[in-house]
Chemist: 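Below is the structure I would like to discuss, written out as C-alpha cells.
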Amino acid sequence: MEQELERWTLPRLGALLLGLMGTLVSGTESDFQHHRYEELVRALFAVQSECPYITRIYSIGRSVEGRHLYVLEFSDNPGIHEALEPEFKYVGNMHGNEVVGRELLIKFSQFLCEEYRAGNERIMRLIHDTRIHILPSMNPDGYEVAARQGPEFNGYLVGRGNSREIDLNRNFPDLNALMYYYEKTNGRNHHLPLPDNWEQQVEPETLAVIKWMQNYNFILSANLHGGAVVANYPFDKSRDPRIRGRTTYAATPDDKIFKKLARTYSYAHSWMHKGWNCGDFFDEGITNGASWYSLSKGMQDFNYLYTNCFEITLELSCDKFPPASSLPREWLGNREALVSYLEQVHHGIKGMVYDENNNPIANAEISVAGISHDVTSGVDGDYFRLLLPGTYTVTASAPGHVPSTSTVTVGPAEAIQLYFYLKTAPKQNLNVKHHHGKKNISSTKVPLNLGPR
C-alpha cells in the first residue's frame with residue numbers, strides 16, 4: 001500500500017485535480033522546446049487561433065532592438081474590463097538568460113486553451129471570472145543573447161540584462177526609500193508618486209511594463225525567474241543597513257497575506273516546499289526578499305507601492321537555461337502551482353463604490369483598520385482587496401464625500417462582496433483627509449547585488 005501511495009506524487013494528484021486524464025496537455029518530451037523570438041510569437045498566435053473567442057494578443061511596447069513585448073490575454077470577453085472581475089498577470093523572462101518561466105508561460109497558455117476547449121470546469125471558471133494577462137518575455141533581446149550561447153555554455157550573467165546590459169529588475173523607480181520615510185512621518189501608504197523625470201531614467205522594456213500597470217488595474221501578479229527554487233515576497237529592499245554582513249527581514253503591512261501567497265505556490269509545486277534546493281535551504285520554500293538579500297529598484301516592490309497589485313517573485317529552477325529535455329519535468333512540477341496561485345486573486349473582499357446617485361466613484365480609497373496599505377477603486381468604481389480569513393473594519397473614502405465604514409467577515413472561499421454608497425459631504429467638510437508626499441525620492445546608493453532576482 002505504501003508503494004502504491006508513493007507512486008501518487010504531487011504531479012499525478014495535480015493532474016487528477018485538473019481533470020487531465022485523457023486530455024492532450026500532459027505533453028510528451030517532443031512537445032517541449034526552447035522558443036526563440038519568432039517561435040514564441042508563432043506559438044502565441046497559434047493559441048489565439050485555436051481559442052479565438054477567449055483570447056487576445058496585444059503589445060505593450062518594444063524592446064531596445066524593436067521586438068514586441070507581446071501579452072496573451074484570456075477572458076470570456078477579451079479586451080474588456082468587466083466590473084468586479086479581477087485582473088491578473090504573469091511575467092516571465094525579465095532576465096533574458098532565465099528561461100524556464102518563459103517556456104512555462106508558453107505551455108501554460110496552450111494548457112488554458114486546450115483545457116477550456118476540453119470542458120475542464122476549473123479552467124472554464126477561471127477564464128469566465130478572471131481577466132488573465134500573460135507576458136512570456138519581458139526581455140526578448142537578452143533572451144536572444146543567451147540563446148545564441150545555448151543551454152550548455154550559458155554563463156551566469158550572459159543575456160541577463162537587456163541589449164544595453166541593464167538589469168531590468170534594478171531599473172524601476174525606487175519607491176521604497178520614500179515609503180520608509182513616510183512610515184516615520186505618517187505619510188501616504190499607497191500609490192506613491194513617481195519622480196518627475198522617471199521616464200528618462202528607465203529602459204524601454206521597464207517603461208512599457210509601467211505603462212501597462214497604469215492601464216490595467218492588476219490585483220495579483222507573479223514574476224518568474226531562475227537560479228534558485230523559492231517563492232520570494234516583498235519587500236525586496238531592506239529598511240536597515242546590513243548588520244554583521246546580513247540584511248534584515250523587511251515586512252510589508254500585508255506580510256501575512258504575502259506569506260500565504262508564497263506558500264500557495266510553494267506547496268502546490270512538486271518540490272519547492274521541501275526547502276532544500278540548489279544547495280540552499282528556505283523553510284517551506286518561501287523567503288522575504290530583503291531577508292535573503294537586499295535589492296533596490298525591483299519590480300515586485302514597485303507593484304505594491306505604485307499600484308493595487310500584489311506581486312511575488314518565483315525562482316523556479318537551479319539551472320537558469322536548462323536543456324529542453326528538462327522542460328517536461330519543470331512543467332509537471334509547476335502546472336498545479338500556476339493554477340492555484342492564479343486562483344488566489346479571488347480571495348478577500350471586492351465590491352463597488354457609488355455616490356448617492358448610484359454613479360461609480362473611481363480612485364476611492366479603501367482602507368482596512370490595522371493594515372497600513374490602502375487600495376483604490378478602478379475607473380468603473382470596482383475595488384478588490386486581498387485579505388486572509390477574519391473580521392475586518394473597512395472604510396471607503398473619496399474627496400467631496402463622507403467616508404463610509406463597514407465590518408465584514410472574510411471566509412476561506414470566494415471573495416465577499418461589500419458595496420459602499422458615499423454621500424456628498426456638506427461644503428464645510430469637503431477636506432477629506434488624503435496624504436500627499438514630496439516627490440523627492442532620491443535614495444541611498446546600495447551595492448548592486450546580482451543574485452538570482
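All values derive from a computational prediction rather than experimental measurement. Side chains included, hydrogens not; waters and symmetry mates left out as well; all remaining heavy atoms used.
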Chemist: Holding to side chain to side chain donor-acceptor pair (under 3.5 Å), I want the full list of residues that pass it with Asn223, two or more places apart in sequence or in another chain.
Modeler: His225
Chemist: Thinking salt bridges, do Arg385 and Asp254 make one under a 4.0 Å N-O criterion?
Modeler: yes
Chemist: Once salt bridge (charged side-chain N to carboxylate O under 4.0 Å, His left out) is applied, what residue pairs with a partner in residues 209-223 remain, sequence neighbours excluded?
Modeler: Glu199-Lys211
Chemist: Quick check, are the ring centers of His273 and Trp271 under 6.0 angstrom apart?
Modeler: no
Chemist: Applying ring-ring contact (aromatic ring centres under 6.0 Å, His included), can you list everything that pairs with Phe45, at least two apart in sequence or on another chain?
Modeler: Tyr70
Chemist: Would you call Leu40 and Ser137 a side-chain contact if the rule is heavy atoms closer than 4.5 Å?
Modeler: yes
Chemist: Can you find a heavy atom in the side chain of Leu422 that is under 4.5 Å from one in the side chain of Val402?
Modeler: no
Chemist: One thing to verify: whether Glu98 and Lys320 come together as a salt bridge, which I'm taking to mean a side-chain N less than 4.0 angstrom from a carboxylate O.
Modeler: yes
Chemist: Between Glu205 and Arg62, does any NZ, NE, NH1 or NH2 come within less than 4.0 Å of an OD or OE carboxylate oxygen?
Modeler: no
Chemist: For the pair Asp382 and Lys350, find out whether any cationic side-chain nitrogen is under 4.0 Å from an anionic carboxylate oxygen.
Modeler: no
Chemist: Could you tell me which non-hydrogen atom of Thr248 sits nearest to which non-hydrogen atom of Ala290, and how far apart they are?
Modeler: O-CB, 3.4 Å
Chemist: Could you check whether any side-chain N or O of Tyr383 sits under 3.5 Å from a backbone N or O of Ile349, counting only pairs where one atom can act as donor and the other as acceptor?
Modeler: no
Chemist: Less than 4.5 Å apart, side chain to side chain, heavy atoms only: is that true for Phe111 and Trp331?
Modeler: yes
Chemist: Tell me, please, which residues at least two apart from Cys309 pass disulfide bond (SG atoms under 2.5 Å apart).
Modeler: none
Chemist: Could you check whether Tyr216 and His133 have their ring centres less than 6.0 Å apart?
Modeler: yes
Chemist: Return the set of residues passing ring-ring contact (aromatic ring centres under 6.0 Å, His included) with Tyr265 (not counting sequence neighbours), or none when no residue passes.
Modeler: none
Chemist: Looking at side-chain heavy atoms only, is the closest gap between Lys260 and Leu388 below 4.5 Å?
Modeler: yes
Chemist: Less than 4.5 Å apart, any side-chain heavy atom of Pro140 and any of Leu69?
Modeler: yes
Chemist: Looking at Cys51, is its backbone amide N or carbonyl O close enough to the side chain of Thr55 to form a donor-acceptor pair, meaning the two atoms are under 3.5 Å apart?
Modeler: yes
Chemist: Taking Ala251's backbone N and O only, do any of them form a donor-acceptor pair with Arg239's side chain (distance below 3.5 Å, no angle check)?
Modeler: yes
Chemist: Can you measure from CG (Asp76) to CZ (Arg125) and round to the nearest 0.5 angstrom?
Modeler: 13.5 Å
Chemist: Assess the residue pair Ser294 and Ser238 against the criterion (side chain to side chain donor-acceptor pair (under 3.5 Å)); give the C-alpha distance rounded to whole Å, side-chain angles, the decisive distance to 0.1 Å, and a yes or no.
Modeler: CA-CA 5 Å; Ser294 185; Ser238 180; 5.0 Å; no
Chemist: State the CD1-CD distance between Ile127 and Glu73, to the nearest 0.5 angstrom.
Modeler: 11.0 Å
Chemist: Please name all residues satisfying side chain to side chain donor-acceptor pair (under 3.5 Å) with Trp212, sequence neighbours left out, ordered by chain then number.
Modeler: Tyr58
Chemist: When the aromatic ring centroids of Phe384 and His346 are compared, is their separation below 6.0 Å?
Modeler: no
Chemist: May I ask you to decide if Ser367's main-chain N or O and Thr395's side chain share a donor-acceptor pair within less than 3.5 Å?
Modeler: no
Chemist: Any side-chain heavy-atom pair from Tyr267 and Met272 closer than 4.5 angstrom?
Modeler: no
Chemist: How far apart are the closest heavy atoms of Pro136 and Asn93, and which atoms are they?
Modeler: O-CB, 3.4 Å
Chemist: Taking ring-ring contact (aromatic ring centres under 6.0 Å, His included) as the test, write out the residues that go with Tyr304, two or more places apart.
Modeler: Phe235, Phe258, Phe310, His373
Chemist: To check you understand the geometry: which heavy-atom pair defines the closest contact between Val353 and Ser377, and what is its length?
Modeler: CG2-CB, 4.4 Å
Chemist: Set out, in order, the CA-CA distance, both residues' side-chain angles and the distance that settles ring pair (Phe, Tyr, Trp, His ring centres under 6.0 Å) for Tyr182 and His190, then state yes or no.
Modeler: CA-CA 10 Å; Tyr182 282 166; His190 66 103; over 10 Å; no
Chemist: Give me the atom names and distance for the closest heavy-atom approach of Leu105 to Ile134.
Modeler: CB-CG2, 3.8 Å
Chemist: Show every disulfide (SG to SG under 2.5 Å) that has at least one partner inside residues 165-231, sequence neighbours left out.
Modeler: none
Chemist: Counting the benzene-type ring for Trp, do Phe282 and Trp292 have ring centres under 6.0 Å apart?
Modeler: yes
Chemist: Does some side-chain heavy atom of His81 sit less than 4.5 Å from a side-chain heavy atom of Ser75?
Modeler: no
Chemist: For a side chain to side chain donor-acceptor pair (under 3.5 Å) check, start with the C-alpha distance between Asn176 and Tyr180, then their side-chain angles and the critical distance, and finish with the verdict.
Modeler: CA-CA 6 Å; Asn176 295 70; Tyr180 300 159; 3.2 Å; yes
Chemist: Taking all heavy atoms of Ala262 and all of Ile312, pick out the closest pair and write down the distance.
Modeler: CA-CD1, 4.0 Å
Chemist: Between Asn217 and Asn308 (side chain of the first, backbone of the second, donor and acceptor by atom type, cut-off under 3.5 Å), is there such a pair?
Modeler: no
Chemist: Could you walk me through whether Glu183 and Tyr181 pass the side chain to side chain donor-acceptor pair (under 3.5 Å) check?
Modeler: CA-CA 5 Å; Glu183 286 176 345; Tyr181 170 73; over 6 Å; no
Chemist: Restricting to side chain to side chain donor-acceptor pair (under 3.5 Å), what partner residues turn up for Asp319, sequence neighbours left out?
Modeler: none
Chemist: Is the backbone N or O of Asn162 less than 3.5 Å from a side-chain atom of Asp141, with the two atoms forming a donor-acceptor pair by type?
Modeler: no
Chemist: May I ask you to decide whether Lys237 forms a salt bridge with Asp301, counting only side-chain N to carboxylate O separations under 4.0 Å?
Modeler: no
Chemist: Please check this pair: side chain of Asn97 against backbone of Tyr143, looking for a donor-acceptor N/O pair closer than 3.5 Å.
Modeler: no
Chemist: Does Asn288 reach the main-chain N or O of Ser291 with its side chain, forming a donor-acceptor pair under 3.5 Å?
Modeler: yes
Chemist: Apply side chain to side chain donor-acceptor pair (under 3.5 Å) to Tyr37 and list each qualifying residue two or more places apart in sequence or on a separate chain.
Modeler: none
Chemist: Within 45 degrees of the axis of the six-membered ring of Phe172 and under 6.0 Å from its centre: does Lys297 put its NZ or CZ there?
Modeler: no
Chemist: State whether Glu115 and Arg122 are salt-bridged, where the test is any N-O pair (Lys NZ or Arg NE/NH1/NH2 against Asp/Glu carboxylate O) under 4.0 Å.
Modeler: no
Chemist: Please name all residues satisfying salt bridge (Lys or Arg N to Asp or Glu O under 4.0 Å) with Glu165, sequence neighbours left out, ordered by chain then number.
Modeler: none
Chemist: Which atom names give the shortest non-hydrogen contact between Pro78 and Arg56, and what distance separates them?
Modeler: CB-CB, 3.8 Å
Chemist: Hey, is the main chain of Ala43 close enough, under 3.5 Å, to the side chain of His35 for a donor-acceptor pair?
Modeler: no
Chemist: Does a salt bridge link Glu87 with Arg131, judged by any charged N lying under 4.0 Å from a carboxylate O?
Modeler: yes
Chemist: Enumerate the residue pairs fulfilling salt bridge (charged side-chain N to carboxylate O under 4.0 Å, His left out) with a member in residues 396-420, sequence neighbours excluded, ordered by first and then second residue.
Modeler: none
Chemist: I'd like to know if the side chain of Asn359 reaches the main chain of Asp355, judged simply by a donor and an acceptor atom lying under 3.5 Å from each other, with no hydrogens or angles considered.
Modeler: no
Chemist: Does the side chain of Trp198 reach to within under 4.5 Å of the side chain of Ile210, using non-hydrogen atoms?
Modeler: yes
Chemist: Begin from the C-alpha positions of Tyr116 and His128 and carry the test side chain to side chain donor-acceptor pair (under 3.5 Å) through to its verdict.
Modeler: CA-CA 10 Å; Tyr116 187 91; His128 287 158; 2.9 Å; yes
